Engineer: 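Below are the structure tokens for one structure; questions will follow.
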Amino acid sequence: MSFEKTFAEILDLLLDGVISLEEIERSIEKPRFMNHGDLAFPCFQLARTLRKPPVMIAEELSHQLQNRGDDSFERIVAAGGYVNAFLNKSKTSKKVLTEILEKQNSYGNLNLGKGSTVTIDLSSPNIAKPFSMGHLRSTVIGNSLSLILEKCGYKPVKINHLGDWGTQFGKLITAYKLWGSEEKVKETPIKELLALYVKFHEAAERQPELEQDGRDWFRRLENGDKEALQLWEWFREESLKEFKKIYDLMGIGFDSYAGEAFYNDKMEKIVELLEKKGLLEESDGAQVVRLDEAGLPPCLIKKSDGATLYSTRDLAAAKYRYDEYASAKSLYVVGNEQSLHFKQLKAVLAKIGFDWANGLIHIPFGMMLKDGKKMSTRKGKVVLLEEVLKDSILLAQKNIEEKNPYLHLKAETAEAVGTGAIIFHDLKNFRMNDIEFSLEDMLKVEGETGPYVQYTNARAQSILRKASFNKQNVQIHLNGEADWPVITELLGFPEAVKRAVENSDPSQIAKYVLDLAQAFNKYYGEVRILEENEGKQSRLALVQSVSIVLEEGLRLLGIKSPKEM
RNA sequence: GUCUCAGUAGCUCAGUAGGAUAGAGCAACAGUUUCCUAAACUGUAGGUCGGAGGUUCGAAUCCUCUCUGGGACGCCA
């Protein structure tokens, strides 16, 4: 049982129904300052009903609690309208460390999902385009979310909804036929295909008829034209090879690579269904579903030339996922700029009469900006993730040579630290914030960074190696001085996991892990852990627990924890 | 024009189902290594929480208006 709950319950006994237990629990907070204790209950809201000043209420309550409180609390005092509770440090320390050592990385697990399946749409890069920094966000947020969901009792299914269909391929084929060379594409596929794509858009500004050529080629592709299909397959294959290199580097896998093209033969049914329900209307030659009652602009289903659109494929995909995976929820980790699209998607599904449309949840995130503006593939204004990762790993390598030249597993460690820096940089802030691209910021290894957390863990591991800690039969006695801030951080891990899953917010874990690392580094600076005295085993239990939680936190972010660095 | 996201220290951001003295990191300056990894730690300095009203015992947090920036608003995804 949590200490908040114990505190709430003994308060509830005294308050005798003036406010409910739930209300008490909700208003219990963590004081900002250590000298105010570990838990606080503000009495201001009681002042009116009890018709007494809050200071007096707090004093009365704390006075009565002193005798009644069990030994969970060291003392309970009133201070300016608050009842402040100080946890019994030695008992709490013993309890939390024992729990962590026993549960290991399952400490903080929740069973919210009860085994239900959740599909997660993530990463979803566009074929024939480079893997940009923008896709990085969806990839790392989605990956972390799936790990967090798994920890909370869900069964995540990661779907990489590849952008492998659409008018862009018509444009690309047009460009390839005009200016492309087979050798060049074979040599550096993504680079060459991107160059063609950019050239197309440059040329189309002067020759607008090219746009029509592009649309024509896409229609031929949809109609199964052999030449178009061959080129498309080739582009797709080459692109996928390159993407897999990046996923391997980041240690991310998927349960499905069913991209847009996968739904080509599944769209007709949805369109028929819309027709049958009389939801389809013609508008300027195109087929649309009107959504006035939801206060949304109409959703385009078919273009005037009969070709399908993004929305059409997403409708088919949503239905397929529900049918195939029986998913209770379906998450879409897709940029903020597509919010309207997902509102429309849900509205159309609801209009068809699918009650599961409610389970569709768009997890939006802010954009990666360059010079304050959105990056645009069309203008070739992109930063390539692969190069950023390479730079970061190289820097990690350099740091290892400088700081720990005799390290074993140098290459492996550099990879873990280099990618860790990039992933952490993306996850540490709330997802809705736009991020101005800055290589300098991403490569930082000091302060609030992934390498800082990894380093903290490596320090802890180093101590454990030297002491060969044995967790059996440890008598844990901590004095609750230097170690107390670390203990309270450890205590907070389950709450951090809960916040992360409830808000679909991996940054909660990142922030937590930083706080824990900071608390531990401070402790490390103040206390000689390996000193031979009666407290040594207890201190080692603390170090071991910190390492377990740091590693688990990093794991939930999709970051590795090297034992040495 | 409509909708949406954001605005907190020089920079990057925490803190927002209202609560005590608004916190970190970076950058700056001053320190700490005969001692468990200095990718660390300690200290100094730095704030009209975009602005104006309102609700409240209490507002960075809630409401209204407003300013600034990003984005989305039919045949791209």
Side-chain angles (χ1 to χ4, degrees), chain A residues 26-27 29 31-33 36 40 42 44-45 47-48 53-54 79-82 84 124 126 163 165-168 171 214-215 260 283-288 295-305 307-311 313-314 334-341 343 364-367 369 372-374 377-378 396 399-400 402-404 407 417 421 425 428-430 432-436 438 440-441 444-456 458-467 507 511 514-515 517-518 520-531 539 543 564-565:
Chain A
R26 209 166 10 156
S27 53
E29 54 194 82
R32 224 187 346 238
F33 304 95
H36 287 143
F44 308 98
Q45 49 183 332
R48 189 164 294 157
Y82 289 85
N84 291 334
S124 313
N126 294 322
W165 205 250
T167 315
Q168 49 175 332
K171 294 177 180 178
R215 280 195 289 274
E260 295 181 36
S283 168
D284 295 334
Q287 298 289 313
V288 306
L296 296 170
C299 181
L300 253 75
I301 303 297
K302 271 192 170 181
K303 297 201 267 191
S304 41
D305 65 359
T308 59
L309 282 146
Y310 178 54
S311 306
R313 282 185 286 279
D314 260 5
V334 181
N336 190 20
E337 67 269 30
Q338 289 189 36
S339 291
L340 179 60
H341 165 73
K343 278 186 199 157
F365 54 84
M367 272 173 300
L369 303 177
K373 293 263 186 290
K374 186 180 180 178
T377 322
R378 296 185 181 191
N399 278 326
I400 290 169
E402 246 169 56
K403 297 165 202 278
N404 197 356
L407 178 70
V417 174
H425 174 262
K428 77 173 171 182
N429 294 329
F430 182 53
M432 288 303 288
N433 296 345
D434 288 342
I435 301 179
E436 171 67 28
S438 157
E440 201 190 325
D441 283 354
K444 282 208 170 110
V445 300
E446 286 165 19
E448 296 171 327
T449 66
Y452 169 82
V453 180
Q454 289 171 317
Y455 172 72
T456 308
R459 274 179 141 185
Q461 282 295 323
S462 169
I463 287 182
L464 293 167
R465 266 195 309 279
K466 289 194 167 126
S507 80
K511 283 163 199 150
L514 277 174
D515 287 342
Q518 274 167 359
F520 179 73
N521 276 323
K522 194 177 163 74
Y523 175 76
Y524 183 99
E526 284 173 16
V527 176
R528 297 206 43 79
I529 297 161
L530 288 175
E531 194 161 63
R539 291 195 297 272
V543 175
E564 294 177 63
M565 64 185 270

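Just so we're on the same page: letters track the sequence lines, and every chain starts at 1. In this text, all values refer to a predicted model and were calculated from it rather than measured experimentally.
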Engineer: Does the structure show a Watson-Crick or G-U wobble partner for C26(B), both distances under 3.5 Å? Name it, or say none.
Structural biologist: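 Paired with C26(B), as far as the under-3.5 Å criterion goes, is G10(B).
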
Engineer: Heavy atoms under 4.0 Å, any strand shown: does Ala396(A) hit a base, just sugar-phosphate, or nothing?
Structural biologist: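 Counting heavy atoms under 4.0 Å across all strands, no contact is made by Ala396(A).
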
Engineer: Partner lookup for A59(B), please. Criteria are Watson-Crick or G-U wobble with both distances under 3.5 angstrom; report none if nothing qualifies.
Structural biologist: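 Result: none.
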
Engineer: Only one of Asn399(A), Val445(A), Thr456(A) clears side-chain contact (heavy atoms from CB on, under 4.5 Å) with Pro451(A); which?
Structural biologist: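 Result: among Asn399(A), Val445(A), Thr456(A), Val445(A) is the only option passing the side-chain contact (heavy atoms from CB on, under 4.5 Å) with Pro451(A).
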
Engineer: Looking for any heavy atom pair under 4.0 Å, which part of the strands does Asp284(A) touch: base, sugar-phosphate only, or nothing?
Structural biologist: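 The residue Asp284(A) makes base contact.
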
Engineer: Watson-Crick or G-U wobble partner for U2(B), using a 3.5 Å limit on both distances?
Structural biologist: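 For U2(B), the partner nucleotide comes out as A72(B), under the 3.5 Å rule.
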
Engineer: Using purine N1 to pyrimidine N3 plus N6-O4 or O6-N4 for Watson-Crick, or N1-O2 and O6-N3 for G-U wobble, each under 3.5 Å, what pairs with C41(B)?
Structural biologist: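 Base-paired to G31(B).
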
Engineer: Classify Ser339(A) by what it touches in the nucleic acid, base, sugar-phosphate, or nothing, heavy-atom distance under 4.0 Å.
Structural biologist: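 Ser339(A): no heavy atom of the nucleic acid under 4.0 Å.
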
Engineer: Can you tell me how far P in U34(B) sits from the matching atom in G47(B), rounded to whole Å?
Structural biologist: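 To the nearest whole Å, 37 Å.
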
Engineer: Between C75(B) and Ser304(A), counting only base atoms on the nucleotide and side-chain atoms on the residue, is there a donor-acceptor pair under 3.5 Å?
Structural biologist: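 Indeed, a donor on one side and an acceptor on the other fall under 3.5 Å apart.
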
Engineer: Quick one: which of G23(B), C36(B), A72(B) gets closest to the side chain of Tyr524(A)?
Structural biologist: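 Of the candidates, C36(B) comes closest.
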
Engineer: Considering only side-chain heavy atoms of Tyr452(A), which listed nucleotide, C41(B), A20(B), A24(B), is closest?
Structural biologist: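 The closest nucleotide is C41(B).
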
Engineer: Does a nitrogen or oxygen in the side chain of Arg313(A) sit under 4.0 Å from OP1 or OP2 of A77(B)?
Structural biologist: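 Indeed, a polar side-chain atom of Arg313(A) lies that close.
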
Engineer: Which base, if any, makes a Watson-Crick or G-U wobble pair with G18(B), both distances under 3.5 Å?
Structural biologist: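 Answer to the pairing question: none, since G18(B) forms no Watson-Crick or G-U pair.
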
